[in-house]
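For reference, the structure is listed below as structure tokens.
Since this is a predicted model, take the numbers as computed values, not measurements. Keep in mind that the numbers below use all heavy atoms, side chains included, and drop hydrogens, waters and symmetry copies. Just so you know, ligand 1 is whichever comes first in the structure, and atom 1 is the first atom listed for that ligand. Numbers here are sequence positions counted from 1.
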Amino acid sequence: MNFTIVYATATGHSENIAERLHQLIPCSELKDLDYIDQTKNLTAAEALICCIPTWNTGALEKRSGTSWDQHLENIRGLDFSNTVVAIVGLGDSAAFGKYFCDAMEELYTAFVKAGATMIGQVPIDDYIFDFSKSNIDGLFCGLPIDEDNESEKTEGRLSQWVAQITSQV
Ligand SMILES: Cc1cc2nc3c(=O)[nH]c(=O)nc-3n(C[C@H](O)[C@H](O)[C@H](O)COP(=O)(O)O)c2cc1C
């Protein structure tokens, strides 16, 4: 299966993680969401990996604060039933431990509504945080990455997760 890795970023962490995933996954494509003008272009992908940071702390809607927020409503109204989707959330579990990677869940729920097959959920056990909207019944709905506090764990988390998602498709 061919993966298309799409990222939006404010300070570069999500872009860096997307590039590292691109290195780890043969036959993957890398795209900056800012250069995708129509949300429906995303439906052409066989499998999507969406890298999304959280900036709008505590917000109910438009939690990312990046261009993902402008695509959410369109995603909900499109048909992603032929697309497999995995999400990577960038966040800070120390300074924003009550809102850790909250934007992941908003994007996850949008793709669920659009009929996508969601993969890449991970156990919460490896993370220290107070609360996260992305914790759904004891599993994060995607892979949280914390470059602000735990960058030493990122390499292991990425390689383990790539093994997981490539075995799930
Ligand atoms: C003002 C501000 C608000 C933030 N809000 C959150 C938050 O609510 N939850 C979270 O997990 N991280 C939060 N972060 C941390 C960023 O999401 C984190 O640094 C991330 O790696 C940024 O990714 P980017 O470089 O791709 O934009 C915040 C950071 C700042 C400076």
Side-chain angles (χ1 to χ4, degrees), residues 3-25 28-37 39 41-42 45 47-75 85-112 118 120-162 164-165:
F3 283 90
T4 303
I5 303 161
V6 186
Y7 66 88
T9 188
T11 56
H13 287 155
S14 302
E15 180 176 11
N16 173 263
I17 294 304
E19 282 167 357
R20 289 163 73 174
L21 287 166
H22 182 45
Q23 300 283 321
L24 286 169
I25 305 175
S28 62
E29 257 191 285
L30 184 61
K31 291 191 174 171
D32 181 340
L33 186 65
D34 289 351
Y35 292 95
I36 294 177
D37 47 325
T39 315
N41 295 349
L42 295 174
L48 277 175
I49 298 176
C50 305
C51 301
I52 177 168
T54 299
W55 284 91
N56 284 336
T57 311
L60 286 179
E61 291 181 354
K62 303 196 172 179
R63 297 175 203 159
S64 177
T66 68
S67 48
W68 280 116
D69 293 343
Q70 279 78 64
H71 289 273
L72 288 167
E73 198 51 44
N74 292 338
I75 290 170
V85 178
I87 299 176
V88 179
L90 276 287
D92 178 338
S93 59
F96 301 94
K98 291 184 181 155
Y99 310 94
F100 183 44
C101 290
D102 275 359
M104 270 204 305
E105 187 271 337
E106 195 179 16
L107 189 57
Y108 177 90
T109 305
F111 276 116
V112 167
M118 305 305 295
Q121 296 87 345
V122 303
I124 60 170
D125 312 21
D126 190 34
Y127 300 85
I128 299 167
F129 65 104
D130 295 319
F131 187 83
S132 173
K133 292 185 175 75
S134 300
N135 173 3
I136 302 177
D137 299 329
L139 284 178
F140 279 117
C141 57
L143 175 72
I145 292 291
D146 184 347
E147 288 291 85
D148 297 292
N149 308 288
E150 298 182 326
S151 59
E152 75 286 354
K153 290 193 171 187
T154 298
E155 192 178 330
R157 283 173 173 165
L158 290 178
S159 52
Q160 196 179 346
W161 189 70
V162 166
Q164 177 187 332
I165 60 166

Of the protein's non-hydrogen atoms, which lies at the shortest distance from [atom], and what is that distance?
atom	result
atom 9 (N) of ligand 1	Tyr99 O, 3.0 Å
atom 4 (C) of ligand 1	Phe96 CZ, 3.3 Å
atom 5 (N) of ligand 1	Thr57 OG1, 2.8 Å
atom 22 (C) of ligand 1	Trp55 CZ2, 3.7 Å
atom 24 (P) of ligand 1	Thr9 OG1, 3.3 Å

Expected output: side-chain Ser134 to main-chain Glu105 donor-acceptor under 3.5 Å: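 Pair found, side chain donor or acceptor close to backbone of Glu105.
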Treating Trp161 as the side-chain partner and Gly120 as the backbone partner, does any N or O pair qualify as donor plus acceptor under 3.5 Å?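 Indeed, once roles are kept as given, a pair shorter than 3.5 Å links the two residues.
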What distance do Gln23 atom CD and Leu21 atom CG have between them, rounded to the nearest 0.5 Å?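 With rounding to 0.5 Å, CD (Gln23) is 10.0 Å from CG (Leu21).
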Calculate, to the nearest 0.5 Å, the distance between atoms SG and CE belonging to Cys141 and Met104 respectively.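 So the gap between those two atoms works out to 5.0 Å.
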Counting each atom of ligand 1 from 1 as listed, which ones have a heavy atom of [X] under 4.0 Å away?
X	result
Asp148	18 (C), 19 (O), 21 (O)
Gly91	10 (C), 11 (O), 12 (N), 17 (O)
Pro53	22 (C), 23 (O), 24 (P), 26 (O), 27 (O)
Leu90	17 (O), 20 (C), 21 (O), 23 (O)
His13	19 (O), 20 (C), 21 (O), 22 (C), 23 (O), 24 (P), 25 (O), 26 (O)
Phe100	11 (O)
Cys101	10 (C), 11 (O)

Counting only heavy atoms not in Asp137 (residues, nucleotides, ligands), do more than 12 fall under 6.0 Å from its CG?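 No, the 6.0 Å shell around CG holds no more than 12 heavy atoms from other groups.
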So Phe140 and Phe100, would you call those rings parallel, tilted or perpendicular, with 30° and 60° as cut-offs?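 Rings of Phe140 and Phe100: perpendicular, over 60°.
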Is Asp102 in contact with ligand 1, taking contact as a heavy-atom separation below 4.0 Å?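 The answer is no: ligand 1 sits nowhere under 4.0 Å from a heavy atom of Asp102.
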Between the side chains of [Y] and [X], is the shortest nitrogen-to-carboxylate-oxygen separation below 4.0 Å, so that they form an ion pair?
X	Y	answer
Asp126	Arg157	yes
Asp102	Lys133	yes
Glu106	Lys62	no

Check against side-chain contact (heavy atoms from CB on, under 4.5 Å), Leu42 and Val6: CA-CA 9 Å; Leu42 295 174; Val6 186; 4.0 Å; yes
Could you check which of Asp146, Thr54, Asn149, Asn56 puts a non-hydrogen atom nearest to atom 17 (O) of ligand 1?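 Heavy atom nearest to atom 17 (O) of ligand 1 belongs to Thr54.
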Check each of Asp92, Ile145, Ile52 against atom 10 (C) of ligand 1 and report the one with the nearest heavy atom.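 Comparing heavy atoms across Asp92, Ile145, Ile52, the nearest one to atom 10 (C) of ligand 1 lies in Asp92.
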Check each heavy atom of Tyr7 against ligand 1 and say whether those closer than 4.0 Å belong to the side chain, the backbone, both or neither.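 The answer is neither; Tyr7 stays 4.0 Å or more away.
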For ligand 1, does Thr11 get within less than 4.0 Å through its side chain, its backbone, both, or neither, judged by non-hydrogen atoms?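 Both the backbone and the side chain of Thr11 come within reach of ligand 1.
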